[in-house]
Peer 1: 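Please find one structure pasted underneath; my questions will follow.
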Amino acid sequence: MSLGKRLRQLRRQRKWSQEQVARQIGVTRSAYSHYEINSRQPVYDTICKLSVLFEVSIDYLINPDIEDVEPAKTKILLQLWQAMDEADKEHTLNMMAHVVKQSVSE
């Protein structure tokens, strides 16, 4: 799914207008409209704001191969990650890499 389709889907799920989203991320409604029709790509800072606003990962927004992820689960993962110290983060990344490597080789 393209970035524009994802943005439109996320916005409609929340029953927000393009104007409401544009105001919250600091762009014009016209600029936001161009993002949804894929005639213009947002800059990185704007993508970050959209990610926060819609409570999804940046990767989910920009990677067309990523399946739909529940925003609530993404939010929980982010909160857990932020609560960890650096050693726990490193350990978690290693465990996740191990799990992914195993599932790929099966």
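Everything quoted here is computed from the prediction, not taken from an experiment.
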Peer 1: Hydrophobic clusters here meaning ILVMFWY residues chained together by side-chain heavy-atom distances under 4.5 Å, can you tell me if Leu77 and Leu10 are in one?
Peer 2: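 No.
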Peer 1: Following the transitive rule for hydrophobic clusters with a side-chain heavy-atom cut-off under 4.5 Å over Ile, Leu, Val, Met, Phe, Trp and Tyr, establish whether Leu78 and Leu80 coincide in one cluster.
Peer 2: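 No, no single cluster joins them.
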Peer 1: Please say yes or no: joined through hydrophobic side-chain contacts below 4.5 Å, possibly via intermediate residues, are Leu61 and Ile37 part of one cluster?
Peer 2: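 Unlinked, Leu61 and Ile37 end up in two clusters.
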Peer 1: Can you list the residues that meet the side-chain contact (heavy atoms from CB on, under 4.5 Å) rule with Gln41, with sequence neighbours excluded?
Peer 2: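 By the side-chain contact (heavy atoms from CB on, under 4.5 Å) rule, Gln41 matches Leu3, Asn38.
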Peer 1: Taking only residues two or more places apart in sequence, or in another chain, which ones meet Asp85 in a side-chain contact (heavy atoms from CB on, under 4.5 Å)?
Peer 2: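 Asp85: side-chain contact (heavy atoms from CB on, under 4.5 Å) contacts with Ala87, Asp88.
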Peer 1: Just how far is it from atom CG of Leu50 to atom CD1 of Ile58, taken to the nearest 0.5 Å?
Peer 2: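 Going from CG on Leu50 over to CD1 on Ile58, the span is 9.5 Å.
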Peer 1: Should Leu7 and Val52 be counted in the same cluster of Ile, Leu, Val, Met, Phe, Trp and Tyr side chains packed under 4.5 Å apart?
Peer 2: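 No, it is not one cluster - the side chains of Leu7 and Val52 are not joined through contacts under 4.5 Å.
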Peer 1: With ring pair (Phe, Tyr, Trp, His ring centres under 6.0 Å) as the rule and sequence neighbours excluded, what pairs involving residues 73-102 come up?
Peer 2: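 Every pair satisfying ring pair (Phe, Tyr, Trp, His ring centres under 6.0 Å) with a residue in residues 73-102: there are none.
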Peer 1: If you measure from CD on Gln9 to OG on Ser2, what distance do you get to the nearest 0.5 Å?
Peer 2: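 So the CD of Gln9 and the OG of Ser2 are separated by 10.5 Å.
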Peer 1: Suppose the criterion is ring pair (Phe, Tyr, Trp, His ring centres under 6.0 Å): which pairs have a residue in residues 6-50, not counting sequence neighbours?
Peer 2: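 Passing the test, one end in residues 6-50: Trp16-Phe54.
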Peer 1: Working to the nearest 0.5 Å, report the span between OG1 of Thr28 and CD of Glu19.
Peer 2: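 Those atoms lie 8.5 Å apart.
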Peer 1: Could you measure the distance from the CD atom of Gln18 to the CZ atom of Arg12? Nearest 0.5 Å is fine.
Peer 2: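 CZ of Arg12 is found 8.5 Å from CD of Gln18.
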Peer 1: Write down the atom of Ser57, the atom of Ser51, and the distance for their closest heavy-atom approach.
Peer 2: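 Heavy-atom minimum between the residues: C-OG, 3.6 Å.
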Peer 1: For the pair Arg6 (side chain) and Tyr60 (backbone), establish whether a donor and an acceptor sit closer than 3.5 Å, ignoring hydrogens and angles.
Peer 2: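 Yes: the side chain of Arg6 pairs with the backbone of Tyr60.
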Peer 1: Salt bridge (charged side-chain N to carboxylate O under 4.0 Å, His left out) with Asp45: which residues, sequence neighbours excluded?
Peer 2: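 For Asp45 the salt bridge (charged side-chain N to carboxylate O under 4.0 Å, His left out) partners, ignoring immediate neighbours, are Lys49.
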Peer 1: For the atom pair CD1 (Ile25) and CD1 (Ile47), what is the distance rounded to the nearest 0.5 Å?
Peer 2: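 Reported to 0.5 Å precision, the distance equals 10.0 Å.
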Peer 1: Hey, does Arg11 have a side-chain heavy atom less than 4.5 Å from the side chain of Glu36?
Peer 2: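 With C-beta onward as the side chain, the pair touches.
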Peer 1: With sequence neighbours excluded, what pairs up with Lys89 under the salt bridge (charged side-chain N to carboxylate O under 4.0 Å, His left out) test?
Peer 2: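 Counting only residues at least two positions away or on another chain, Lys89 forms a salt bridge (charged side-chain N to carboxylate O under 4.0 Å, His left out) with Glu86.
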